[in-house]
Participant: 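What follows is a single structure, and I will ask about it in a moment.
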Amino acid sequence: MLNRSAVVVRYHQPFVDWINRNDPTGDGGMTLLEANEDPTVYLVEAESRQEFERWLRLNHDLIFEELLDDWYSDETLWPTDRTVETLKIWCSFDFHSTVLDTGETPVEDDDDED
């Protein structure tokens with residue numbers, strides 16, 4: 001068992017609308033279902049949903065920017081209103097306090113390879 005909780009981020013329609021508005025191909029056909037096919041999961045140091053809510057208030061800007069950057073790195077396309085309230089309108093956060101590591105190899109950070 002890891003000393004972290006997992007938070008699964010799922011997009012809501014406003015996020016998908018933003019993705020479609022800024023689609024450089026002009027297709028703009030991303031659906032909510034497609035956007036949530038492979039959700040982002042964060043490991044956080046929070047033992048309860050209440051602790052996670054406090055953590056999110058402190059770190060929402062980093063999370064929001066990472067999620068936006070996953071789609072479009074051009075910051076001029078990003079919404080200017082990136083408050084925690086807006087983030088919660090654009091996304092939901094499924095909190096899971098029990099995280100079990102069933103792998104046999106050590107956990108590695110891909111960023112450490114650079």
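Numbers here are sequence positions counted from 1.
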Participant: Does anything in residues 18-41 pair up under salt bridge (charged side-chain N to carboxylate O under 4.0 Å, His left out), and if so which pairs, sequence neighbours excluded?
Facilitator: none
Participant: Side-chain heavy atoms nearer than 4.5 Å, only ILVMFWY residues, links allowed to pass through others: does that put Val99 and Phe52 together?
Facilitator: no
Participant: Do any N or O atoms from the side chain of Trp78 and from the backbone of Tyr72 form a donor-acceptor pair under 3.5 angstrom?
Facilitator: yes
Participant: May I ask you to test the Leu32-Phe15 pair for a side-chain heavy-atom distance under 4.5 Å?
Facilitator: no
Participant: Applying side-chain contact (heavy atoms from CB on, under 4.5 Å), name anything that partners Thr80, two or more places apart in sequence or on another chain.
Facilitator: none
Participant: Sequence neighbours excluded, which residues qualify as salt bridge (charged side-chain N to carboxylate O under 4.0 Å, His left out) partners of Asp17?
Facilitator: none
Participant: May I ask you to test the Val44-Glu51 pair for a side-chain heavy-atom distance under 4.5 Å?
Facilitator: no
Participant: If two hydrophobic side chains count as joined below 4.5 Å and joins carry through other members, does Leu67 share a cluster with Val8?
Facilitator: no
Participant: Between Asn20 and Gly29, what is the shortest heavy-atom contact and its length?
Facilitator: OD1-N, 3.6 Å
Participant: Within this structure, what is the CG-CG distance for the pair Asp74 and Leu68, rounded to the nearest 0.5 Å?
Facilitator: 11.5 Å
Participant: So, His96 side chain and Ala6 main chain: donor-acceptor pair closer than 3.5 Å or not?
Facilitator: no
Participant: State, with a plain yes or no, whether a side-chain heavy atom of Ile89 is found less than 4.5 Å away from one of Pro14.
Facilitator: yes
Participant: Tell me if the CD atom of Gln13 is crowded by more than 12 foreign heavy atoms within 6.0 Å.
Facilitator: yes
Participant: Just wondering, do Val7 and Val41 contact through their side chains at under 4.5 Å, heavy atoms?
Facilitator: no
Participant: For Leu33, which residues count as a side-chain contact (heavy atoms from CB on, under 4.5 Å) partner, sequence neighbours excluded?
Facilitator: Thr31
Participant: Are Thr98 and Leu100 close enough that some pair of their side-chain heavy atoms sits under 4.5 Å apart?
Facilitator: yes
Participant: Using the rule salt bridge (Lys or Arg N to Asp or Glu O under 4.0 Å), only one of Glu65, Glu75, Glu66 pairs with Arg82; which is it?
Facilitator: Glu65
Participant: Which value, rounded to the nearest 0.5 Å, describes the distance between Ile63 atom CD1 and Cys91 atom SG?
Facilitator: 10.0 Å
Participant: Can you list the residues that meet the ring-ring contact (aromatic ring centres under 6.0 Å, His included) rule with Phe64, with sequence neighbours excluded?
Facilitator: Trp90
Participant: Are Leu43 and Leu56 co-members of a hydrophobic cluster defined by side-chain heavy atoms under 4.5 Å apart?
Facilitator: no
Participant: Which heavy atom of Val16 sits nearest to which heavy atom of Met30, and what is that distance?
Facilitator: CG1-O, 3.3 Å
Participant: Are the side chain of Ser5 and the backbone of Ala46 linked by a donor-acceptor contact shorter than 3.5 Å?
Facilitator: yes
Participant: Grab the two heavy atoms, one from Pro39 and one from Asn36, that are nearest each other, plus how far apart they are.
Facilitator: CD-O, 3.5 Å
Participant: Classify the side-chain pair Tyr11/Trp71 by whether it contains a donor and acceptor separated by less than 3.5 Å.
Facilitator: yes
Participant: Could you list all the salt bridge (charged side-chain N to carboxylate O under 4.0 Å, His left out) pairs where at least one residue sits in residues 85-94, not counting sequence neighbours?
Facilitator: Arg10-Asp94, Glu53-Lys88, Arg57-Glu85
Participant: Over all heavy atoms of both residues, which pair between Phe95 and Glu47 is shortest? Give the atoms and the distance, please.
Facilitator: CZ-C, 4.0 Å
Participant: Would you find a donor on one side and an acceptor on the other, under 3.5 Å apart, between the side chain of Asn59 and the backbone of Trp55?
Facilitator: yes
